[in-house]
Protein chains: 2
Amino acid sequence: MPIPIPILQGLKLLDQLPAPRLEELSRTLSERRVQRREVVVKLGDAGGGLGLLIEGRLQTVSFTLDGKEVGTDFVDAGDFFGELSVIDGQPAPEYVIAVAPSRVAMLDRDRARELMFSTPAGAAAVAARLAERLRRSATHKAVLALPSSFQRVCAQLAALARPAGSDGGLRVHVAPTHQEIAIMVNTSRETVTRTLQFLLGLQVVAREGHDLIVLRPELLRQAVDGSFGPTR
Amino acid sequence: MPIPIPILQGLKLLDQLPAPRLEELSRTLSERRVQRREVVVKLGDAGGGLGLLIEGRLQTVSFTLDGKEVGTDFVDAGDFFGELSVIDGQPAPEYVIAVAPSRVAMLDRDRARELMFSTPAGAAAVAARLAERLRRSATHKAVLALPSSFQRVCAQLAALARPAGSDGGLRVHVAPTHQEIAIMVNTSRETVTRTLQFLLGLQVVAREGHDLIVLRPELLRQAVDGSFGPTR
DNA sequence: CAGCGGGTGTGACGCACGGCACAACGCTGG
DNA sequence: CCAGCGTTGTGCCGTGCGTCACACCCGCTG
(Lines give C-alpha, C1' and ligand atoms only; values in the text may rest on other atoms or scores of the structure.)
Protein backbone atom coordinates (compact mmCIF):
# COMPACT_ATOMS: atom_id res chain seq x y z
CA MET A 1 0.00 0.00 0.00
CA PRO A 2 1.30 3.47 -0.85
CA ILE A 3 2.33 5.88 1.88
CA PRO A 4 0.61 9.30 2.03
CA ILE A 5 2.86 12.21 1.13
CA PRO A 6 2.28 14.19 4.34
CA ILE A 7 3.68 11.27 6.29
CA LEU A 8 6.78 11.12 4.11
CA GLN A 9 7.33 14.81 4.68
CA GLY A 10 7.50 14.14 8.40
CA LEU A 11 10.62 11.99 7.97
CA LYS A 12 13.94 13.68 8.55
CA LEU A 13 15.64 12.45 5.43
CA LEU A 14 12.82 13.47 3.12
CA ASP A 15 11.52 16.75 4.44
CA GLN A 16 13.41 18.85 1.87
CA LEU A 17 12.50 16.75 -1.12
CA PRO A 18 10.74 18.32 -4.13
CA ALA A 19 7.15 17.26 -4.71
CA PRO A 20 7.66 14.99 -7.76
CA ARG A 21 10.25 12.89 -5.93
CA LEU A 22 7.94 12.59 -2.97
CA GLU A 23 5.12 11.43 -5.18
CA GLU A 24 7.26 8.77 -6.73
CA LEU A 25 8.39 7.54 -3.33
CA SER A 26 4.83 7.61 -2.09
CA ARG A 27 3.82 5.23 -4.87
CA THR A 28 6.72 2.80 -4.57
CA LEU A 29 7.32 2.57 -0.85
CA SER A 30 5.21 0.35 1.27
CA GLU A 31 4.68 0.23 4.94
CA ARG A 32 5.17 -2.62 7.36
CA ARG A 33 3.62 -2.87 10.79
CA VAL A 34 5.57 -4.48 13.59
CA GLN A 35 4.61 -5.41 17.12
CA ARG A 36 6.51 -4.96 20.36
CA ARG A 37 9.52 -7.34 20.49
CA GLU A 38 9.47 -7.96 16.76
CA VAL A 39 12.85 -7.86 15.01
CA VAL A 40 13.17 -5.25 12.25
CA VAL A 41 16.86 -5.59 11.33
CA LYS A 42 18.97 -8.62 12.19
CA LEU A 43 22.53 -8.37 13.48
CA GLY A 44 24.90 -9.32 10.69
CA ASP A 45 22.49 -8.62 7.84
CA ALA A 46 24.47 -7.36 4.87
CA GLY A 47 23.21 -5.26 2.01
CA GLY A 48 20.08 -4.26 3.84
CA GLY A 49 18.42 -1.02 2.88
CA LEU A 50 17.56 2.04 4.85
CA GLY A 51 14.68 1.93 7.31
CA LEU A 52 12.34 4.82 7.93
CA LEU A 53 10.36 4.85 11.15
CA ILE A 54 6.96 6.36 10.52
CA GLU A 55 5.46 5.75 13.91
CA GLY A 56 6.40 3.99 17.14
CA ARG A 57 9.70 3.35 18.80
CA LEU A 58 12.56 0.98 18.08
CA GLN A 59 15.60 -0.04 20.08
CA THR A 60 19.00 -1.15 18.86
CA VAL A 61 20.40 -4.13 20.72
CA SER A 62 23.74 -5.79 20.45
CA PHE A 63 25.75 -8.40 22.34
CA THR A 64 28.86 -8.40 24.46
CA LEU A 65 31.78 -10.49 23.35
CA ASP A 66 30.70 -13.15 25.83
CA GLY A 67 27.16 -13.32 24.54
CA LYS A 68 25.21 -11.16 26.94
CA GLU A 69 22.68 -8.70 25.57
CA VAL A 70 23.46 -4.96 25.70
CA GLY A 71 20.89 -2.32 24.95
CA THR A 72 22.38 0.54 23.02
CA ASP A 73 20.13 3.19 21.60
CA PHE A 74 16.61 4.09 20.55
CA VAL A 75 15.06 5.13 17.25
CA ASP A 76 12.15 7.56 17.45
CA ALA A 77 9.43 8.33 14.95
CA GLY A 78 10.74 10.34 11.99
CA ASP A 79 14.28 8.95 12.31
CA PHE A 80 15.84 6.56 9.90
CA PHE A 81 17.88 3.52 10.84
CA GLY A 82 20.15 0.95 9.27
CA GLU A 83 22.28 3.77 7.81
CA LEU A 84 25.56 2.13 8.73
CA SER A 85 25.18 -0.77 6.35
CA VAL A 86 24.04 1.54 3.59
CA ILE A 87 27.05 3.79 4.08
CA ASP A 88 29.86 1.31 4.39
CA GLY A 89 28.39 -1.90 3.01
CA GLN A 90 29.36 -3.83 6.14
CA PRO A 91 26.92 -6.11 7.95
CA ALA A 92 24.53 -4.53 10.43
CA PRO A 93 26.27 -4.10 13.79
CA GLU A 94 23.18 -4.72 15.90
CA TYR A 95 19.60 -5.86 16.06
CA VAL A 96 16.82 -3.33 15.70
CA ILE A 97 13.76 -4.35 17.69
CA ALA A 98 10.41 -2.65 18.24
CA VAL A 99 9.75 -1.58 21.82
CA ALA A 100 6.31 -0.30 20.87
CA PRO A 101 3.95 -1.18 18.01
CA SER A 102 5.44 0.62 15.03
CA ARG A 103 5.14 1.35 11.35
CA VAL A 104 8.27 1.24 9.21
CA ALA A 105 9.14 1.62 5.55
CA MET A 106 12.20 0.11 3.91
CA LEU A 107 14.09 1.81 1.12
CA ASP A 108 16.44 -0.22 -1.05
CA ARG A 109 20.14 0.43 -0.84
CA ASP A 110 20.69 2.20 -4.16
CA ARG A 111 17.86 4.64 -3.78
CA ALA A 112 18.86 5.29 -0.20
CA ARG A 113 22.40 6.17 -1.24
CA GLU A 114 21.08 8.47 -3.88
CA LEU A 115 18.89 10.29 -1.37
CA MET A 116 21.70 10.45 1.14
CA PHE A 117 24.54 11.67 -1.00
CA SER A 118 23.31 13.34 -4.16
CA THR A 119 22.18 16.57 -2.53
CA PRO A 120 23.88 18.69 0.12
CA ALA A 121 20.63 18.74 2.11
CA GLY A 122 20.52 14.95 2.16
CA ALA A 123 24.17 14.70 3.12
CA ALA A 124 23.67 17.18 5.92
CA ALA A 125 20.67 15.25 7.22
CA VAL A 126 22.66 12.04 7.25
CA ALA A 127 25.62 13.67 8.95
CA ALA A 128 23.34 15.26 11.51
CA ARG A 129 21.73 11.94 12.30
CA LEU A 130 25.06 10.17 12.67
CA ALA A 131 26.40 12.99 14.81
CA GLU A 132 23.37 12.70 17.06
CA ARG A 133 23.89 8.98 17.42
CA LEU A 134 27.56 9.47 18.25
CA ARG A 135 26.78 12.01 20.91
CA ARG A 136 24.20 9.73 22.48
CA SER A 137 26.62 6.88 22.28
CA ALA A 138 29.17 8.96 24.18
CA THR A 139 26.74 9.84 26.95
CA HIS A 140 25.67 6.22 27.17
CA LYS A 141 29.30 5.28 27.66
CA ALA A 142 29.53 7.87 30.41
CA VAL A 143 26.66 6.07 32.10
CA LEU A 144 28.17 2.62 31.62
CA ALA A 145 31.43 3.78 33.15
CA LEU A 146 29.86 4.86 36.43
CA PRO A 147 31.38 2.81 39.25
CA SER A 148 28.32 1.50 41.04
CA SER A 149 25.22 -0.23 39.72
CA PHE A 150 23.05 2.04 41.80
CA GLN A 151 24.46 5.11 40.06
CA ARG A 152 24.06 3.58 36.63
CA VAL A 153 20.41 2.74 37.19
CA CYS A 154 19.72 6.26 38.45
CA ALA A 155 21.57 7.77 35.50
CA GLN A 156 19.57 5.67 33.08
CA LEU A 157 16.32 6.70 34.72
CA ALA A 158 17.36 10.32 34.45
CA ALA A 159 18.18 9.78 30.79
CA LEU A 160 14.85 8.08 30.07
CA ALA A 161 12.76 10.69 31.86
CA ARG A 162 11.31 13.42 29.69
CA PRO A 163 9.45 16.56 30.73
CA ALA A 164 5.81 15.63 31.21
CA GLY A 165 2.97 17.45 29.50
CA SER A 166 1.15 19.51 32.11
CA ASP A 167 3.48 20.76 34.83
CA GLY A 168 7.28 20.75 34.67
CA GLY A 169 7.59 17.25 36.14
CA LEU A 170 9.69 14.50 34.67
CA ARG A 171 8.17 11.23 33.64
CA VAL A 172 9.23 7.96 32.06
CA HIS A 173 6.44 7.05 29.70
CA VAL A 174 5.71 3.30 29.69
CA ALA A 175 8.71 2.39 31.78
CA PRO A 176 10.87 -0.47 30.53
CA THR A 177 10.86 -3.69 32.53
CA HIS A 178 13.53 -4.11 35.18
CA GLN A 179 15.19 -6.67 33.00
CA GLU A 180 15.40 -4.21 30.12
CA ILE A 181 16.88 -1.52 32.32
CA ALA A 182 19.40 -4.02 33.65
CA ILE A 183 20.49 -4.76 30.10
CA MET A 184 20.92 -1.10 29.29
CA VAL A 185 23.13 -0.33 32.27
CA ASN A 186 24.94 -3.63 32.52
CA THR A 187 23.74 -4.91 35.84
CA SER A 188 21.41 -7.60 37.16
CA ARG A 189 17.65 -7.46 37.22
CA GLU A 190 17.61 -7.87 41.01
CA THR A 191 19.82 -4.84 41.50
CA VAL A 192 17.47 -2.76 39.39
CA THR A 193 14.53 -3.93 41.49
CA ARG A 194 16.37 -3.07 44.71
CA THR A 195 17.42 0.34 43.44
CA LEU A 196 13.88 1.12 42.38
CA GLN A 197 12.53 -0.02 45.75
CA PHE A 198 14.99 2.30 47.43
CA LEU A 199 13.92 5.24 45.28
CA LEU A 200 10.22 4.46 45.75
CA GLY A 201 10.69 4.25 49.52
CA LEU A 202 12.25 7.71 49.67
CA GLN A 203 9.59 9.16 47.35
CA VAL A 204 12.21 10.12 44.77
CA VAL A 205 10.10 8.42 42.13
CA ALA A 206 6.59 7.04 42.10
CA ARG A 207 4.61 4.67 39.94
CA GLU A 208 1.59 5.77 38.00
CA GLY A 209 0.14 2.99 35.92
CA HIS A 210 2.82 1.96 33.48
CA ASP A 211 4.63 5.25 33.85
CA LEU A 212 7.24 6.27 36.33
CA ILE A 213 7.20 9.84 37.54
CA VAL A 214 10.21 11.56 39.03
CA LEU A 215 9.19 13.49 42.14
CA ARG A 216 12.60 14.79 43.11
CA PRO A 217 14.86 15.20 40.07
CA GLU A 218 17.56 16.89 42.13
CA LEU A 219 17.97 13.82 44.34
CA LEU A 220 18.18 11.66 41.24
CA ARG A 221 20.99 13.82 39.96
CA GLN A 222 22.79 13.61 43.28
CA ALA A 223 22.39 9.86 43.19
CA VAL A 224 24.13 9.82 39.83
CA ASP A 225 27.19 11.72 40.96
CA GLY A 226 27.51 9.65 44.11
CA SER A 227 26.56 12.20 46.74
CA PHE A 228 23.35 10.35 47.59
CA GLY A 229 22.68 6.66 47.86
CA PRO A 230 21.94 3.61 50.00
CA THR A 231 25.18 3.76 51.92
CA ARG A 232 24.75 7.31 53.16
CA MET B 1 54.15 27.33 7.20
CA PRO B 2 52.41 25.82 4.15
CA ILE B 3 51.70 22.12 4.00
CA PRO B 4 53.05 20.13 1.04
CA ILE B 5 50.40 18.88 -1.37
CA PRO B 6 51.39 15.19 -1.21
CA ILE B 7 50.70 15.26 2.51
CA LEU B 8 47.27 16.79 1.98
CA GLN B 9 46.46 14.08 -0.52
CA GLY B 10 47.08 11.51 2.19
CA LEU B 11 44.18 12.84 4.24
CA LYS B 12 40.88 11.05 3.90
CA LEU B 13 38.72 14.10 3.40
CA LEU B 14 40.93 15.61 0.72
CA ASP B 15 42.12 12.72 -1.39
CA GLN B 16 39.58 13.30 -4.15
CA LEU B 17 40.09 17.04 -4.36
CA PRO B 18 41.06 18.67 -7.71
CA ALA B 19 44.56 20.14 -7.91
CA PRO B 20 43.68 23.85 -7.75
CA ARG B 21 41.72 23.40 -4.52
CA LEU B 22 44.59 21.45 -3.03
CA GLU B 23 47.05 24.18 -3.93
CA GLU B 24 44.92 26.78 -2.28
CA LEU B 25 44.58 24.71 0.87
CA SER B 26 48.29 24.03 0.85
CA ARG B 27 48.99 27.76 0.94
CA THR B 28 46.46 28.71 3.59
CA LEU B 29 46.62 25.83 6.05
CA SER B 30 49.32 25.68 8.62
CA GLU B 31 50.55 22.87 10.71
CA ARG B 32 50.83 22.59 14.46
CA ARG B 33 53.03 20.15 16.31
CA VAL B 34 51.82 18.71 19.58
CA GLN B 35 53.53 16.54 22.17
CA ARG B 36 52.25 13.51 24.04
CA ARG B 37 49.59 14.54 26.59
CA GLU B 38 48.98 17.90 24.94
CA VAL B 39 45.32 18.90 24.51
CA VAL B 40 44.21 19.51 20.91
CA VAL B 41 40.48 20.09 21.38
CA LYS B 42 38.89 20.98 24.68
CA LEU B 43 35.64 19.49 25.94
CA GLY B 44 32.88 22.05 25.54
CA ASP B 45 34.62 24.13 22.88
CA ALA B 46 31.99 25.54 20.57
CA GLY B 47 32.44 26.68 17.02
CA GLY B 48 35.76 24.94 16.65
CA GLY B 49 36.88 23.93 13.20
CA LEU B 50 37.78 20.60 11.72
CA GLY B 51 41.07 18.99 12.66
CA LEU B 52 43.19 17.00 10.27
CA LEU B 53 45.74 14.62 11.70
CA ILE B 54 48.80 14.53 9.48
CA GLU B 55 50.98 12.33 11.61
CA GLY B 56 50.87 10.73 15.05
CA ARG B 57 48.00 9.50 17.16
CA LEU B 58 45.31 11.21 19.19
CA GLN B 59 42.84 9.93 21.74
CA THR B 60 39.39 11.24 22.58
CA VAL B 61 38.70 11.40 26.29
CA SER B 62 35.54 12.28 28.09
CA PHE B 63 34.22 12.13 31.65
CA THR B 64 31.60 10.14 33.49
CA LEU B 65 28.71 11.96 35.08
CA ASP B 66 30.51 11.68 38.41
CA GLY B 67 33.73 13.17 37.10
CA LYS B 68 35.91 10.17 36.36
CA GLU B 69 37.87 10.05 33.15
CA VAL B 70 36.75 7.63 30.39
CA GLY B 71 38.85 6.89 27.37
CA THR B 72 36.72 6.55 24.29
CA ASP B 73 38.40 6.35 20.92
CA PHE B 74 41.53 6.97 18.91
CA VAL B 75 42.31 9.13 15.90
CA ASP B 76 44.94 7.80 13.50
CA ALA B 77 47.06 9.59 10.93
CA GLY B 78 44.99 10.65 7.89
CA ASP B 79 41.76 10.85 9.87
CA PHE B 80 39.98 14.06 10.70
CA PHE B 81 38.48 14.92 14.06
CA GLY B 82 36.22 17.50 15.63
CA GLU B 83 33.56 16.77 12.98
CA LEU B 84 30.73 16.69 15.44
CA SER B 85 30.91 20.36 16.32
CA VAL B 86 31.25 21.28 12.67
CA ILE B 87 28.20 19.24 11.75
CA ASP B 88 25.76 20.21 14.45
CA GLY B 89 27.24 23.37 15.93
CA GLN B 90 27.09 21.93 19.44
CA PRO B 91 30.05 22.10 21.83
CA ALA B 92 32.71 19.43 21.51
CA PRO B 93 31.61 16.32 23.43
CA GLU B 94 35.11 15.32 24.54
CA TYR B 95 38.74 16.21 24.85
CA VAL B 96 41.13 15.27 22.09
CA ILE B 97 44.62 14.59 23.43
CA ALA B 98 47.81 13.45 21.75
CA VAL B 99 49.04 10.03 22.82
CA ALA B 100 52.09 10.33 20.58
CA PRO B 101 53.94 13.36 19.18
CA SER B 102 51.72 14.52 16.33
CA ARG B 103 51.23 17.06 13.58
CA VAL B 104 47.76 18.51 13.07
CA ALA B 105 46.17 21.13 10.82
CA MET B 106 43.03 23.04 11.68
CA LEU B 107 40.46 24.06 9.09
CA ASP B 108 37.94 26.77 9.91
CA ARG B 109 34.32 25.85 10.24
CA ASP B 110 32.97 27.38 7.04
CA ARG B 111 35.55 25.90 4.76
CA ALA B 112 35.21 22.56 6.50
CA ARG B 113 31.46 22.52 5.89
CA GLU B 114 32.00 23.37 2.29
CA LEU B 115 34.45 20.50 1.86
CA MET B 116 32.17 18.13 3.73
CA PHE B 117 28.86 18.82 2.08
CA SER B 118 29.30 20.43 -1.30
CA THR B 119 30.40 17.32 -3.17
CA PRO B 120 29.04 13.77 -3.01
CA ALA B 121 32.59 12.48 -2.51
CA GLY B 122 33.09 14.71 0.51
CA ALA B 123 29.74 13.76 1.95
CA ALA B 124 30.52 10.09 1.49
CA ALA B 125 33.90 10.51 3.20
CA VAL B 126 32.27 12.20 6.16
CA ALA B 127 29.55 9.60 6.40
CA ALA B 128 32.12 6.83 6.18
CA ARG B 129 34.17 8.34 8.96
CA LEU B 130 31.16 8.79 11.21
CA ALA B 131 30.00 5.27 10.47
CA GLU B 132 33.43 3.95 11.40
CA ARG B 133 33.35 5.84 14.67
CA LEU B 134 29.89 4.54 15.47
CA ARG B 135 30.91 0.96 14.82
CA ARG B 136 33.96 1.34 17.03
CA SER B 137 31.83 2.95 19.65
CA ALA B 138 29.51 -0.05 19.58
CA THR B 139 32.32 -2.55 19.99
CA HIS B 140 33.77 -0.47 22.80
CA LYS B 141 30.41 -0.64 24.53
CA ALA B 142 30.46 -4.40 24.09
CA VAL B 143 33.78 -4.39 25.92
CA LEU B 144 32.55 -2.10 28.70
CA ALA B 145 29.57 -4.34 29.30
CA LEU B 146 31.64 -7.44 30.01
CA PRO B 147 30.93 -8.62 33.55
CA SER B 148 34.40 -8.98 35.00
CA SER B 149 37.34 -6.60 35.02
CA PHE B 150 39.62 -9.37 33.94
CA GLN B 151 37.59 -9.95 30.80
CA ARG B 152 37.46 -6.26 29.98
CA VAL B 153 41.20 -5.86 30.22
CA CYS B 154 41.76 -8.87 28.00
CA ALA B 155 39.21 -7.62 25.50
CA GLN B 156 40.89 -4.22 25.37
CA LEU B 157 44.29 -5.84 24.83
CA ALA B 158 42.84 -7.88 22.01
CA ALA B 159 41.35 -4.73 20.51
CA LEU B 160 44.62 -2.81 20.77
CA ALA B 161 46.75 -5.59 19.31
CA ARG B 162 47.43 -5.34 15.61
CA PRO B 163 49.13 -7.87 13.31
CA ALA B 164 52.87 -7.29 13.60
CA GLY B 165 55.10 -6.73 10.60
CA SER B 166 57.17 -9.87 10.07
CA ASP B 167 55.30 -13.02 11.11
CA GLY B 168 51.58 -13.28 11.78
CA GLY B 169 51.98 -12.38 15.48
CA LEU B 170 49.91 -9.78 17.26
CA ARG B 171 51.55 -6.86 18.95
CA VAL B 172 50.51 -3.76 20.86
CA HIS B 173 52.86 -1.07 19.68
CA VAL B 174 53.98 1.25 22.53
CA ALA B 175 51.56 -0.16 25.04
CA PRO B 176 49.51 2.33 27.04
CA THR B 177 50.22 2.66 30.74
CA HIS B 178 48.20 0.52 33.12
CA GLN B 179 46.42 3.63 34.27
CA GLU B 180 45.40 4.45 30.70
CA ILE B 181 44.09 0.94 30.12
CA ALA B 182 42.19 1.12 33.38
CA ILE B 183 40.48 4.28 32.17
CA MET B 184 39.52 2.70 28.87
CA VAL B 185 37.89 -0.36 30.42
CA ASN B 186 36.51 1.23 33.54
CA THR B 187 38.47 -0.56 36.21
CA SER B 188 41.27 0.23 38.64
CA ARG B 189 44.93 0.49 37.79
CA GLU B 190 45.77 -2.28 40.27
CA THR B 191 43.42 -4.71 38.58
CA VAL B 192 45.08 -4.02 35.24
CA THR B 193 48.47 -4.70 36.78
CA ARG B 194 47.26 -7.96 38.29
CA THR B 195 45.62 -9.10 35.07
CA LEU B 196 48.77 -8.36 33.13
CA GLN B 197 50.87 -10.21 35.70
CA PHE B 198 48.58 -13.18 35.31
CA LEU B 199 48.90 -13.12 31.52
CA LEU B 200 52.66 -12.65 31.67
CA GLY B 201 52.99 -15.57 34.08
CA LEU B 202 51.13 -17.92 31.72
CA GLN B 203 53.10 -16.68 28.71
CA VAL B 204 49.95 -15.47 27.02
CA VAL B 205 51.64 -12.14 26.42
CA ALA B 206 55.22 -10.92 26.80
CA ARG B 207 56.94 -7.59 27.06
CA GLU B 208 59.39 -6.42 24.44
CA GLY B 209 60.66 -2.94 25.17
CA HIS B 210 57.66 -0.68 25.16
CA ASP B 211 55.65 -3.11 23.11
CA LEU B 212 53.48 -5.94 24.25
CA ILE B 213 53.40 -9.04 22.09
CA VAL B 214 50.59 -11.54 22.18
CA LEU B 215 52.02 -15.05 22.22
CA ARG B 216 48.76 -16.96 22.42
CA PRO B 217 45.90 -15.03 20.82
CA GLU B 218 43.50 -17.94 21.21
CA LEU B 219 43.87 -17.91 24.99
CA LEU B 220 43.27 -14.18 24.99
CA ARG B 221 40.05 -14.74 23.09
CA GLN B 222 38.98 -17.43 25.52
CA ALA B 223 39.74 -15.06 28.38
CA VAL B 224 37.38 -12.54 26.83
CA ASP B 225 34.43 -14.88 26.58
CA GLY B 226 34.98 -16.17 30.09
CA SER B 227 36.15 -19.70 29.37
CA PHE B 228 39.64 -18.96 30.67
CA GLY B 229 40.71 -16.90 33.65
CA PRO B 230 42.20 -16.72 37.13
CA THR B 231 39.42 -18.70 38.78
CA ARG B 232 39.65 -21.55 36.32
C1' DC C 1 -12.33 -21.30 38.37
C1' DA C 2 -7.66 -23.27 37.82
C1' DG C 3 -3.43 -23.05 35.48
C1' DC C 4 0.15 -20.54 33.43
C1' DG C 5 3.77 -17.26 32.19
C1' DG C 6 6.00 -12.89 32.62
C1' DG C 7 7.11 -9.55 35.68
C1' DT C 8 8.37 -8.09 40.52
C1' DG C 9 10.06 -8.32 45.47
C1' DT C 10 13.41 -10.19 48.98
C1' DG C 11 16.62 -13.01 51.71
C1' DA C 12 21.19 -15.30 51.98
C1' DC C 13 25.83 -16.28 50.43
C1' DG C 14 30.30 -15.65 48.58
C1' DC C 15 33.79 -13.54 46.14
C1' DA C 16 35.79 -10.27 42.84
C1' DC C 17 37.52 -6.03 42.86
C1' DG C 18 38.05 -1.19 44.34
C1' DG C 19 40.81 1.26 47.53
C1' DC C 20 44.66 2.03 50.45
C1' DA C 21 49.35 1.64 51.63
C1' DC C 22 53.83 0.79 50.64
C1' DA C 23 57.93 -1.12 48.15
C1' DA C 24 60.55 -1.36 44.07
C1' DC C 25 61.85 -0.02 39.73
C1' DG C 26 63.47 2.91 35.80
C1' DC C 27 63.62 7.34 33.52
C1' DT C 28 65.42 12.30 33.38
C1' DG C 29 67.82 16.12 34.78
C1' DG C 30 71.05 18.50 37.70
C1' DC D 1 75.70 9.76 41.30
C1' DC D 2 71.82 11.13 43.73
C1' DA D 3 67.20 13.25 43.89
C1' DG D 4 62.75 13.09 42.27
C1' DC D 5 58.88 11.54 39.79
C1' DG D 6 56.03 8.52 37.13
C1' DT D 7 55.05 3.79 36.65
C1' DT D 8 54.64 -0.89 38.20
C1' DG D 9 54.07 -4.76 41.62
C1' DT D 10 51.75 -6.77 45.81
C1' DG D 11 49.41 -7.57 50.32
C1' DC D 12 45.23 -6.81 52.84
C1' DC D 13 40.72 -5.45 54.01
C1' DG D 14 35.71 -4.42 53.31
C1' DT D 15 31.78 -4.61 50.62
C1' DG D 16 28.80 -4.13 46.56
C1' DC D 17 26.47 -6.83 43.83
C1' DG D 18 25.94 -11.02 40.98
C1' DT D 19 23.74 -15.31 41.60
C1' DC D 20 20.51 -18.68 43.33
C1' DA D 21 16.22 -19.66 45.29
C1' DC D 22 11.71 -18.81 46.24
C1' DA D 23 7.25 -16.14 47.06
C1' DC D 24 3.95 -13.11 45.19
C1' DC D 25 1.14 -10.53 41.91
C1' DC D 26 -1.27 -9.64 37.69
C1' DG D 27 -3.45 -10.52 33.28
C1' DC D 28 -4.25 -14.28 30.06
C1' DT D 29 -6.78 -18.37 28.09
C1' DG D 30 -9.34 -22.30 28.26
Side-chain angles (χ1 to χ4, degrees), chain A residues 35-37 64 66-70 99 144-157 172 174-202 205-212 223-224 226 228-232, chain B residues 35-37 64 66-70 99 101 144-157 172 174-202 205-212 223 226 228-232:
Chain A
Q35 303 174 338
R36 178 170 164 85
R37 307 267 148 109
T64 56
D66 71 340
K68 205 178 45 177
E69 207 175 347
V70 222
V99 289
L144 279 180
L146 285 168
S148 93
S149 284
F150 175 79
Q151 287 172 281
R152 292 200 298 278
V153 174
C154 291
Q156 188 64 35
L157 285 181
V172 183
V174 283
T177 67
H178 296 182
Q179 181 65 54
E180 286 169 342
I181 297 177
I183 287 171
M184 295 188 236
V185 300
N186 193 29
T187 186
S188 70
R189 192 222 97 218
E190 290 89 332
T191 300
V192 174
T193 299
R194 286 188 251 263
T195 299
L196 242 33
Q197 283 307 107
F198 176 81
L199 295 176
L200 285 169
L202 291 182
V205 302
R207 248 191 296 244
E208 196 179 287
H210 282 194
D211 289 10
L212 211 56
V224 168
F228 164 70
T231 57
R232 172 98 209 78
Chain B
Q35 303 174 338
R36 178 171 163 85
R37 306 265 150 110
T64 56
D66 70 339
K68 206 179 42 178
E69 207 177 347
V70 222
V99 289
L144 278 180
L146 286 169
S148 95
S149 285
F150 176 80
Q151 286 171 281
R152 292 200 298 277
V153 173
C154 291
Q156 188 63 35
L157 285 181
V172 182
V174 283
T177 66
H178 295 182
Q179 180 65 53
E180 287 170 341
I181 297 177
I183 287 171
M184 294 188 237
V185 300
N186 193 30
T187 186
S188 69
R189 191 224 96 217
E190 292 90 330
T191 300
V192 174
T193 299
R194 286 187 254 262
T195 301
L196 242 34
Q197 282 306 106
F198 176 81
L199 295 176
L200 285 169
L202 291 183
V205 301
R207 247 191 296 244
E208 197 178 286
H210 282 194
D211 289 11
L212 211 57
F228 164 70
T231 56
R232 183 79 205 82

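Note that this is a predicted model, so its numbers are computed, not measured. By convention in this document, chain letters (A, B, ...) are assigned in the order of the sequence lines, proteins followed by strands, and residues within each chain are numbered from 1.
- When the side chain to side chain contact (heavy atoms under 4.5 Å, CB included) test is applied to A155(B), the partners found at least two apart in sequence or on another chain are L65(A), V143(B), L146(B), V224(B).
- With sequence neighbours left out, E208(A) forms a side chain to side chain contact (heavy atoms under 4.5 Å, CB included) with R171(A), I213(A).
- Contacts of P101(B) classified as side chain to side chain contact (heavy atoms under 4.5 Å, CB included), with partners at least two apart in sequence or in another chain: none.
- The phosphate of dG9(D) has OP1 or OP2 within less than 4.0 Å of a side-chain N or O from H178(B).
- For residues 177-193 of chain A, the salt bridge (charged side-chain N to carboxylate O under 4.0 Å, His left out) pairs, not counting sequence neighbours, are R36(A)-E180(A), R37(A)-E180(A).
- Heavy-atom contacts of chain A under 4.0 Å fall on DNA chain C between two terminal nucleotides, which in 5' to 3' order are dG7(C) to dA12(C).
- In the helix from dC1(C)-dG30(D) to dG30(C)-dC1(D), the end axes, each obtained as the rotation axis mapping the C1' atoms of four pairs onto the next four within a five-pair block, lie 40° apart to the nearest 10 degrees.
- Partners of E69(A) according to the salt bridge (charged side-chain N to carboxylate O under 4.0 Å, His left out) rule, which considers only residues two or more places apart in sequence or in another chain, do not exist here.
- Atoms CD1 and CG, from I181(A) and N186(A) in turn, are 14.0 Å apart once rounded to the nearest 0.5 Å.
- Not counting sequence neighbours, the partners of S149(B) by the side chain to side chain donor-acceptor pair (under 3.5 Å) test are R152(B), T187(B).
- With rounding to the nearest 0.5 Å, the separation of OG1 in T191(A) from NE2 in H178(A) is 12.0 Å.
- Using a 4.5 Å cut-off on side-chain heavy atoms (C-beta onward), P147(B) and T64(A) make no contact.
- Dashed line: the shortest gap from a side-chain N or O of Q179(B) to OP1 or OP2 of dT7(D) is not under 4.0 Å.
- Contact of the F228(B) side chain with the L202(B) side chain is registered, since non-hydrogen atoms from C-beta on lie closer than 4.5 Å.
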Distances for protein N/O vs nucleotides 13-20 of chain D N/O pairs under 3.5 angstrom?
| residue | atom | partner | partner atom | Å |
| --- | --- | --- | --- | --- |
| dC17(D) | OP1 | S149(A) | N | 2.7 |
| dG18(D) | OP1 | S149(A) | OG | 3.2 |
| dG18(D) | OP2 | T187(A) | OG1 | 2.4 |
| dG18(D) | OP2 | S188(A) | N | 2.9 |
| dG18(D) | OP2 | S188(A) | OG | 3.1 |
| dG18(D) | OP2 | T191(A) | OG1 | 3.1 |
| dT19(D) | O4 | R194(A) | NH2 | 3.0 |

